[in-house]
*Asks:* 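Before I ask anything, here is the structure I am working with.
The sequence lines fix the lettering, A, B, ..., with proteins before strands; numbering per chain opens at 1. Below, each value reflects all heavy atoms present in this structure, side chains not excepted, and no hydrogens, waters or symmetry copies.
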2 protein chains.
Amino acid sequence: MRPAAETGAGRHDGGGAPDAGAVARGLPEATLERLTVYLRVLHVAEGEGKVTLSSDVLANAAGVNSAILRKDLSLLGGSFGRRGVGYDVARLAEHLATTLGLREQWRVAIVGAGNLGRALAGYAGLRNNGFELTAIFDMDPDVIGNIVNGLAVRPAESLEAAIESEHVNMAVMTLPGASAQQMCDRLVAAGVRNILNFAPVVLQAPDGVNVRKVDMSRELQILAYYAHQDIGHQDAVPAEDVGS
Amino acid sequence: MRPAAETGAGRHDGGGAPDAGAVARGLPEATLERLTVYLRVLHVAEGEGKVTLSSDVLANAAGVNSAILRKDLSLLGGSFGRRGVGYDVARLAEHLATTLGLREQWRVAIVGAGNLGRALAGYAGLRNNGFELTAIFDMDPDVIGNIVNGLAVRPAESLEAAIESEHVNMAVMTLPGASAQQMCDRLVAAGVRNILNFAPVVLQAPDGVNVRKVDMSRELQILAYYAHQDIGHQDAVPAEDVGS
DNA sequence: GGCTGTGAACTCCTTCACAGCG
DNA sequence: CGCTGTGAAGGAGTTCACAGCC
């Protein structure tokens, strides 16, 4: 009855036997977020010619403690470090990339060629690591046909056809909240099962569709919360609670 | 010794007395993220003329279950619902906004007037709820002086002076990874303690500085992970685990 | 001795289930 | 009766601490 609604929906967990070498399946969200950071750090280290890295160094660069780094890697299965030495940078990077599914081919469409859509189209993260930007859509006749990052903006009407012909399997939604749900429905109907939503709405999508959300407002508001707290009790807390 | 490095750093927790009516302090991250969603849903409901909402309806619209909605609200302190009726939309929205610190005045600077910076400058989330965009900076002479959303882009050299004169207390970093850490250091030195980072690097910031990160690459990669998993065992899992 | 890999303890978050008010 | 508010149970994720290999 209840649709998936946002945040890493779809297939995880599984609840299978808590068996021996549990293979890289159903990794916790928190671990996944960190894996992406490790991968980035490893790429930088690779570029600097580093061959091995200790968990301490890697963890520091990633902004986490080394215990959790080691635990995260242990969840992946196999052994990727040498005791007394550290991790082989290239090997670990390759394994992380494979685990994350970056050795698949991800054909991405951007839905909404406004400022944000155009900005993201130029973003390097969309042109590396298995991701390829293959189509951009918009509803505005003034925008359709414009060239964005080498791609002509297509009319929203052609969404279904283009998804099929371009084998799009991932969508980034950068459109106004008002049209987001409707476009999401069309994407899903057209077979797209992976959606990254930048529109400020909670998308309802059927089970089996992975939806994630990026939300600047949310981040600003959380920042405001912490900042507000800081103001409330400048510096050291006076040990007593303030009441109202 | 270890700096704060990303993600809701700064002052939370406190560890104070686990006393009675624990006032809206040190709310868990997960709760904060949901509060921002509730607030958005409430605003929509308000616009539709709704006066009260049950936890069930609100939770559904927010994409969570009602138990956690009620638990979240209970963490805020006071009672905001009427049993048998539901929540007063306006009153709850106001309380959430206050709790999140949105009744403070947040003066935001965007650092980096590239595509992304300009796109965010026009984003409504930066012009509501206590946030006010007050300055935009860039290093590129060709960009400096351009008008973005009614503001002239200022040279990066004037960062410190402008932060002081404009009373900037929050920064959004939309610049290349290569210059992000250095700019972050300058922001911190200039007294900014709240930073939202869009650059693809792990920022190191001293304790007491709140840093949050938005990362499209991360989201795409996590999406790829789930999608990859889905491919591995199409549709329903056959109840037995597949091994390799 | 250095550093990984991991059980076990711990802490935090979520879900359950129901008491209690309207 | 309906729906909130919350203690208690349960499940997840993190940290500790150390055994085990290099």
*Asks:* Please tabulate the protein-to-nucleotide N/O contacts below 3.5 Å involving nucleotides 20-22 of chain D, giving atom names and distances.
*Replies:*
residue: D/dG20; atom: N3; partner: A/R83; partner atom: NH1; Å: 3.1
residue: D/dC22; atom: O4'; partner: A/R83; partner atom: O; Å: 3.0

*Asks:* Under 4.0 Å between any heavy atoms, over every strand shown, what does A/S66 touch: base, sugar-phosphate, or nothing? Just pick one.
*Replies:* nothing
*Asks:* Would you tell me if any nitrogen or oxygen in the side chain of B/R34 comes within less than 4.0 Å of OP1 or OP2 on C/dT14?
*Replies:* yes
*Asks:* Nearest to the side chain of A/S54, heavy atoms from C-beta on, is which of C/dC13, C/dT4, D/dG5?
*Replies:* C/dT4
*Asks:* Rounded to whole Å, please give me the gap between CZ in B/R70 and P in C/dG20.
*Replies:* 16 Å
*Asks:* Take the protein atom CZ of B/F80 and the nucleotide atom P of D/dT6, then report the distance between them rounded to whole Å.
*Replies:* 11 Å
*Asks:* A/S79 near the nucleic acid: base, sugar-phosphate alone, or nothing, with a heavy-atom cut-off under 4.0 Å?
*Replies:* sugar-phosphate
*Asks:* Verify, without hydrogens or angle tests, whether A/W106 (side chain) and A/G101 (backbone) share a donor-acceptor contact under 3.5 angstrom.
*Replies:* yes
*Asks:* Under 4.0 Å between a side-chain nitrogen and a carboxylate oxygen: does that hold for A/E219 and B/K213?
*Replies:* no
*Asks:* What's the CG-P distance between B/L58 and D/dC3, to the nearest Å?
*Replies:* 13 Å
*Asks:* In whole angstrom, give the distance that lies between atom CD of B/E29 and atom C1' of D/dG13.
*Replies:* 14 Å
*Asks:* Kindly compute the distance separating CG (A/N194) from CD1 (B/I222), expressed to the nearest 0.5 Å.
*Replies:* 13.0 Å
*Asks:* Rounded to whole Å, please give me the gap between CG in A/N65 and P in C/dT4.
*Replies:* 13 Å
*Asks:* Under 4.0 Å between a side-chain nitrogen and a carboxylate oxygen: does that hold for A/R70 and A/D56?
*Replies:* no
*Asks:* Nearest whole Å is fine: how far is D/dG7 P from B/I68 CD1?
*Replies:* 16 Å
*Asks:* Examine D/dT4: is either OP1 or OP2 under 4.0 Å from a nitrogen or oxygen in the side chain of B/S55? Give yes or no.
*Replies:* yes
*Asks:* For residues 75-92 of chain A, which side-chain N or O atoms pair as donor and acceptor with protein atoms under 3.5 Å away, sequence neighbours left out?
*Replies:*
residue: A/D88; atom: OD1; partner: A/A90; partner atom: N; Å: 3.2
residue: A/D88; atom: OD1; partner: A/R91; partner atom: N; Å: 2.9
residue: A/R91; atom: NH2; partner: A/S79; partner atom: O; Å: 3.2

*Asks:* How about A/Q204 and A/Q181: does a side-chain donor come under 3.5 Å of a side-chain acceptor?
*Replies:* no
*Asks:* Mind calculating the distance between NZ (A/K71) and P (C/dC10) to the nearest angstrom?
*Replies:* 15 Å
*Asks:* Would you call B/R212 and B/E29 a salt bridge, using N to O less than 4.0 angstrom?
*Replies:* yes
*Asks:* May I ask you to verify if any side-chain N or O of B/Y87 is less than 4.0 angstrom from the OP1 or OP2 atom of D/dG2?
*Replies:* no
*Asks:* How many whole angstroms separate atom CG of B/L75 from atom P of D/dT4?
*Replies:* 16 Å
